[in-house]
Amino acid sequence: SPADFSLAQLPVDAASEAVKLAEQARMLHENGNPREAIRVYSRSLDLSPNEMAYNGRATVFLELRQFREMLADCDRAIALNPKLGTAYVIRATAHSELGDVNRAITDCTIAAGLDPTESSAFHVRAMAWFNLGQYELARQDLDAVIRLAPDTLVAYQARAVCWTEAQQWELAVADLTRALELKPDWLEGYIVRAKSNVELQNFASSLADFERALRLAPKHVAANNALAFFLATCPNERFRNDDRAIRLAATCCELTDWKGYDHIAMLATAYAQAGRFTDAAKWQSQAIRLAPQGQAAALTERLELYRKGQ
């Protein structure tokens with residue numbers, strides 16, 4: 001780490017030395033030493049208040065999830081340079097983390113106005129819209145992110161969700177496909193793409209993706225559950241496999257120590273689809289015993305159908 005300075009060692013141009021220290025702090029942060037980076041950024045600021053150090057220290061506070069300290073540094077950086085777009089984006093991230101989504105959107109809008117080519121402003125604002133359930137507005141900002149930074153994985157992932165919310169299944173599949181090209185081991189992506197293809201009645205593609213997800217993580221609960229549901233309930237009977245659906249549903253129950261009411265209800269569904277209504281009623285009753293109060297009524301209705309052999 002840099003040697004400690006005494007007043008006698010200060011150069012004539014303290015501002016220039018402060019910038020050098022800020023650059024050293026940035027390198028420390030990049031090399032995985034955030035605490036030391038904060039210390040050197042603080043020394044830079046002691047020498048001479050500068051936007052580089054405030055902005056840089058704020059990014060370290062983000063990593064350390066010290067959001068109020070992060071806000072304070074962004075405020076100081078913006079006071080020194082009101083046109084510093086990155087400071088608005090960083091501050092917007094802090095606002096989002098602290099639950100003030102509207103202020104986050106305002107800061108991102110300012111940043112995007114200062115530099116319309118900066119993808120991070122659109123990215124952070126998109127996530128803010130996303131958290132508000134404003135999927136169309138989020139989608140518009142994600143379009144901008146992808147236009148400006150075409151290999152941004154999270155933009156394709158998030159935009160795919162926006163498309164599914166709009167029931168635009170083909171567009172969802174396209175974005176999920178691009179995301180999976182960027183991250184071939186993204187298990188959830190295969191599951192969501194499979195479910196989107198079910199909506200398009202592309203059942204062979206769905207099955208292939210459900211199988212890929214399970215191969216990636218044979219003990220992943222969601223992967224087992226998704227394939228079990230597909231094999232038990234696929235509208236095209238050619239793709240059904242009752243016995244395997246039961247085995248997969250039972251695996252979900254085992255992986256969750258038979259405490260997940262929804263997984264036990266899935267096992268009941270698999271038995272019912274196989275025509276084994278006595279077993280279905282048995283497991284549905286167990287699911288009802290474990291279910292939260294708000295879910296019990298719907299499960300009970302299904303239980304009555306099982307008892308009638310339906």
Side-chain angles (χ1 to χ4, degrees), residues 26 29-32 34 58-60 62-65 67 70 85-86 88-97 101 104-105 107-109 111-112 115-200 202 205-206 208-217 220-223 226-227:
R26 184 185 67 80
H29 187 205
E30 288 184 359
N31 290 328
T59 64
V60 184
L62 171 59
E63 179 181 322
L64 299 175
R65 302 188 66 78
F67 301 120
M70 185 178 164
T86 54
Y88 290 99
V89 176
I90 297 167
R91 189 170 70 177
T93 304
H95 283 314
S96 288
E97 292 288 349
V101 179
I105 290 168
D107 272 349
C108 287
T109 301
D115 184 0
T117 68
E118 178 49 60
S119 65
S120 62
F122 297 100
H123 181 187
V124 175
R125 189 171 66 180
M127 294 302 101
W129 290 127
F130 197 92
N131 290 334
L132 289 173
Q134 297 287 341
Y135 296 110
E136 175 56 20
L137 292 171
R139 196 271 305 162
Q140 292 173 22
D141 275 345
L142 292 165
D143 287 350
V145 175
I146 290 168
R147 184 179 69 254
L148 294 166
D151 291 336
T152 305
L153 171 65
V154 69
Y156 292 101
Q157 293 173 319
R159 193 171 70 172
V161 175
C162 295
W163 292 131
T164 61
E165 289 292 329
Q167 298 186 6
Q168 296 286 331
W169 307 112
E170 290 182 352
L171 293 169
V173 168
D175 274 353
L176 290 162
T177 298
R178 178 61 182 137
L180 287 163
E181 289 171 356
L182 294 168
K183 186 174 175 59
D185 62 347
W186 182 36
L187 183 147
E188 291 80 3
Y190 290 110
I191 294 174
V192 177
R193 188 171 67 175
K195 291 179 178 179
S196 297
N197 270 315
V198 168
E199 297 291 342
L200 295 167
N202 295 332
S205 296
S206 294
D209 273 348
F210 284 132
E211 295 283 14
R212 286 189 189 100
L214 195 61
R215 283 198 299 275
L216 279 172
H220 191 279
V221 174
L227 182 53

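Along the sequence shown, residues are numbered consecutively beginning with 1. Worth knowing before you read on, the calculation uses all heavy atoms, side chains too, and leaves out hydrogens, waters and symmetry mates.
- Between A111 and A121 the shortest heavy-atom distance is CB-CB, 3.9 Å.
- For the atom pair S96 OG and R91 CZ, the distance stands at 12.5 Å (nearest 0.5 Å).
- Taking 4.5 Å as the limit, every side-chain heavy atom of E165 sits out of range of all side-chain heavy atoms of W163.
- Counting only heavy atoms from C-beta outward, the side chains of I105 and L132 approach each other to under 4.5 Å.
- You'll find the side chain of M127 stays beyond 4.5 Å of the side chain of V124, heavy atoms only.
- Rounding to the nearest 0.5 angstrom, the gap separating the CD1 atom in I191 from the CG atom in L214 is 9.0 Å.
- Heavy-atom neighbours of E181 CD from other residues, nucleotides or ligands within 6.0 Å: above the threshold of 12.
- For the pair Q157 and V192, the minimum side-chain heavy-atom distance is 4.5 Å or more.
- Not counting sequence neighbours, the partners of E97 by the salt bridge (charged side-chain N to carboxylate O under 4.0 Å, His left out) test are R65.
- For the pair L176/Y156, no side-chain contact is recorded, criterion being any heavy-atom separation below 4.5 Å from C-beta on.
- Side-chain atoms of F122 and Q140, non-hydrogen and from C-beta on, never get closer than 4.5 Å to each other.
- Counting all heavy atoms, side chain and backbone alike, C108 lies closest to A92 at SG-CB, 3.5 Å.
- Between the side chain of Y190 and the main chain of P184, a donor-acceptor pair closer than 3.5 Å is present.
- At a threshold of 4.5 Å between non-hydrogen side-chain atoms, the residues R178 and I146 do not count as touching.
- In summary, D143 and R147 do not engage in a salt bridge, as defined by a charged side-chain N under 4.0 Å from a carboxylate O.
- One distance of note links CD of E170 with CD of E199; it measures 12.5 Å at 0.5 Å rounding.
- The shortest non-hydrogen separation linking E63 to P34 is OE2-CG, 3.7 Å.
- For the atom pair S120 OG and Y88 OH, the distance stands at 14.0 Å (nearest 0.5 Å).
- Two residues are said to be in side-chain contact when any heavy atoms from C-beta on lie closer than 4.5 Å; L187 and R215 fail this criterion.
- E30 meets the side chain to side chain donor-acceptor pair (under 3.5 Å) test with R26; sequence neighbours excluded.
- Looking at every heavy atom in both residues, L142 comes nearest to C162 through CD1-SG, 4.1 Å.
- Rounding to the nearest 0.5 Å gives a distance of 4.5 Å between NE2 of H95 and CG of D107.
- The pair R193-D175 does not count as a salt bridge, with every side-chain nitrogen at least 4.0 angstrom from each carboxylate oxygen.
- In this structure F130 satisfies the ring pair (Phe, Tyr, Trp, His ring centres under 6.0 Å) test together with Y135, sequence neighbours excluded.
- Residues D185 and K183 are paired through a salt bridge, judged by an N-O separation under 4.0 Å between the basic side chain and the carboxylate.
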task: List the steps, then state whether side chain to side chain contact (heavy atoms under 4.5 Å, CB included) holds for M70 with T93.
output: CA-CA 9 Å; M70 185 178 164; T93 304; 4.1 Å; yes
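- S206 contributes a side-chain N or O that, together with a main-chain N or O of V198, makes up a donor-acceptor pair within less than 3.5 Å.
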task: For the pair R212 and F210, evaluate side chain to side chain contact (heavy atoms under 4.5 Å, CB included) and give the outcome as yes or no after the intermediate values.
output: CA-CA 5 Å; R212 286 189 189 100; F210 284 132; over 6 Å; no
